[in-house]
Amino acid sequence: MPDRGRVRLFTTTLGAAGAPAVLLVHGWGGDGREWSPHAEALAGHFRVIVPDLRGHGRSDVPDEGNTPAEMADDLASLLDTLDAGPVTAVGHSMGGQVVNLLAVRHPHLVHSVVALDPAHGAHGTEVEEIPARLADYRANGARAAAASVATAFGPTAPPGLRTAHLRTLLGTPGHVIAQAYAGMYTDPGAVGVRPHSEEYLRRRTQPALTVWTSAEAAAWERGTLTVPGSRVDHWPDSGHYVHEEHVERTIRLLRDRAGPVRPT
């Protein structure tokens, strides 16, 4: 668990230290175990770094500061400790917001971004529901979040995936659930609501690939792209956990995006 004056992050690495580095970041109420098949498949050609974010999994759980911005700064410290940058930074959901913040706040550590159904671009009814959701999370923690997570899977999701995520979520401290949600959407500087998302995405200088399950969100984000080599894909045949519902497809995507592989 590397520690450079910030929280200690439980982190696993696979692959050769000198190989191109890929950082795999989980989402809200998850942990790094969800990237296990991807890490194994990529490790033959890449250095694969899989952390548990602060407040999640086996990492330290601070009383305050469990927000995407702080998580991005934690990852910058981790990459410095591992001498691993610049990386292809991959994140799902809240992790997608975290890796984009990492790219904006610490651009020297990231050469490209992959965001899978990320937690940005909220608008309309979703924004209207944020205050009530946050109040519920503050009062009831992970139990309140479980209802929305339970409905986030597609009809072809692998057996057991929903149960595994609910179990991990319910093991996440309640204050972490609430602080992370506020950090995504309501705290000063939060970037999850669409106008703020647009501003921070345009500050990103690295090429990025975003995968959306929503056609509307995909069309919106295509309008924010300014860096050559960036693109937005739409996967309509998936629930929110795209990387686990479509493991092999995601692995192929990451292999292609992380750059040419080196001979083994």
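Below, each value reflects all heavy atoms present in this structure, side chains not excepted, and no hydrogens, waters or symmetry copies.
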Let me have the donor-acceptor pairs involving side chains of residues 85-97, under 3.5 Å, with sequence neighbours excluded, atom names and distances please.
{"residue": "Thr88", "atom": "OG1", "partner": "His111", "partner atom": "NE2", "Å": "3.3"}
{"residue": "Thr88", "atom": "OG1", "partner": "Ser112", "partner atom": "OG", "Å": "3.3"}
{"residue": "His92", "atom": "NE2", "partner": "His240", "partner atom": "O", "Å": "2.8"}
{"residue": "Ser93", "atom": "OG", "partner": "His240", "partner atom": "NE2", "Å": "2.8"}
{"residue": "Gln97", "atom": "NE2", "partner": "Ala119", "partner atom": "O", "Å": "2.5"}

Checking [X] side chain against [Y] main chain: does a donor-acceptor pair fall under 3.5 Å?
X: Thr67; Y: Gly183; result: no
X: Glu245; Y: Ser238; result: no
X: Thr172; Y: His56; result: no
X: His196; Y: Gly189; result: no
X: Arg222; Y: Val232; result: yes
X: Asp52; Y: Arg58; result: yes
X: Ser77; Y: Asp74; result: no
X: Asp117; Y: Thr213; result: yes
X: Asn66; Y: Ala180; result: no
X: Thr11; Y: Leu9; result: yes

- Message: Ignoring hydrogens, what is the shortest heavy-atom contact between Ile251 and Pro37? Give both atom names and the distance.
- Response: CD1-O, 3.9 Å
- Looking only at non-hydrogen atoms, find the nearest pair between Leu101 and Ala69 and report the distance. CD1-N, 3.9 Å
Nearest 0.5 Å, what's the [atom1]-[atom2] distance between [X] and [Y]?
X: Arg203; Y: Thr226; atom1: CZ; atom2: OG1; result: 12.5 Å
X: Leu134; Y: Met184; atom1: CG; atom2: CE; result: 10.0 Å
X: Gln179; Y: Asp63; atom1: CD; atom2: CG; result: 8.0 Å
X: Arg255; Y: Phe46; atom1: CZ; atom2: CZ; result: 8.0 Å
X: Thr168; Y: Glu34; atom1: OG1; atom2: CD; result: 8.0 Å
X: Leu201; Y: Leu225; atom1: CG; atom2: CG; result: 8.5 Å

- Please step through side chain to side chain contact (heavy atoms under 4.5 Å, CB included) for the pair Val114 and Val22, ending with a clear verdict. CA-CA 10 Å; Val114 179; Val22 178; over 6 Å; no
- Item | For Ala103, all residues meeting side-chain contact (heavy atoms from CB on, under 4.5 Å), sequence neighbours excluded | Val110, Val113, Arg204, Gln206
- Message: Holding to side-chain contact (heavy atoms from CB on, under 4.5 Å), I want the full list of residues that pass it with Pro131, two or more places apart in sequence or in another chain.
- Response: none
- Query: Aromatic rings His165 and Tyr241: how do their planes relate, parallel, tilted or perpendicular, breaks at 30° and 60°?
  - Reply: tilted
- Item | Geometric class of the His120/Trp212 ring pair [parallel <30°, tilted 30-60°, perpendicular >60°] | perpendicular
- Message: In this structure, would Leu78 and Val61 fall into the same cluster of hydrophobic residues linked by side-chain contacts under 4.5 Å?
- Response: no
- When clusters are formed by joining ILVMFWY residues with side-chain heavy atoms under 4.5 Å apart, either directly or through shared neighbours, do Val193 and Tyr200 land in the same one? no
Heavy-atom check, side chain of [X] versus side chain of [Y], under 4.5 Å:
X: Arg54; Y: Pro62; result: yes
X: Trp220; Y: Ser214; result: no
X: Pro195; Y: His123; result: no

- Message: My understanding is that only residues two or more places apart in sequence, or in another chain, count here; which of them pass ring pair (Phe, Tyr, Trp, His ring centres under 6.0 Å) with Trp35?
- Response: His38, His243
- Using the side chain to side chain contact (heavy atoms under 4.5 Å, CB included) rule, take Val25 and Leu75 through it: C-alpha gap first, then chi angles, then the decisive distance, then the call. CA-CA 9 Å; Val25 182; Leu75 294 180; 3.9 Å; yes
- Message: Test: side-chain hydrogen bond (donor to acceptor under 3.5 Å, both in side chains). Region: residues 149-163. Which pairs qualify, not counting sequence neighbours?
- Response: none
- Message: What I want to check is whether the side chains of Glu64 and His175 have a donor and an acceptor closer together than 3.5 Å.
- Response: no
- Query: Can you find a side-chain donor-acceptor pair between Asp73 and His106 that sits under 3.5 Å?
  - Reply: yes
- Query: Passes side chain to side chain contact (heavy atoms under 4.5 Å, CB included), Val98 versus Trp28? Steps please.
  - Reply: CA-CA 10 Å; Val98 171; Trp28 186 58; over 6 Å; no
- Task: In sequence, state the C-alpha distance, the side-chain angles, and the governing distance for Asp237 and Arg249, and then conclude on salt bridge (charged side-chain N to carboxylate O under 4.0 Å, His left out).
- Result: CA-CA 12 Å; Asp237 56 342; Arg249 186 178 181 184; 3.4 Å; yes
- From Leu24, Val48, Leu116, Leu209, residue fulfilling side chain to side chain contact (heavy atoms under 4.5 Å, CB included) relative to Leu254: Leu24
Name each donor-acceptor pair under 3.5 Å that joins a side chain in residues 136-150 to protein atoms two or more places apart or in another chain, with its distance.
{"residue": "Asp136", "atom": "OD1", "partner": "Asn140", "partner atom": "ND2", "Å": "2.7"}
{"residue": "Ser148", "atom": "OG", "partner": "Ala145", "partner atom": "O", "Å": "3.0"}

- Task: Check step by step if side chain to side chain contact (heavy atoms under 4.5 Å, CB included) holds for Val191 and Val104.
- Result: CA-CA 12 Å; Val191 299; Val104 170; over 6 Å; no
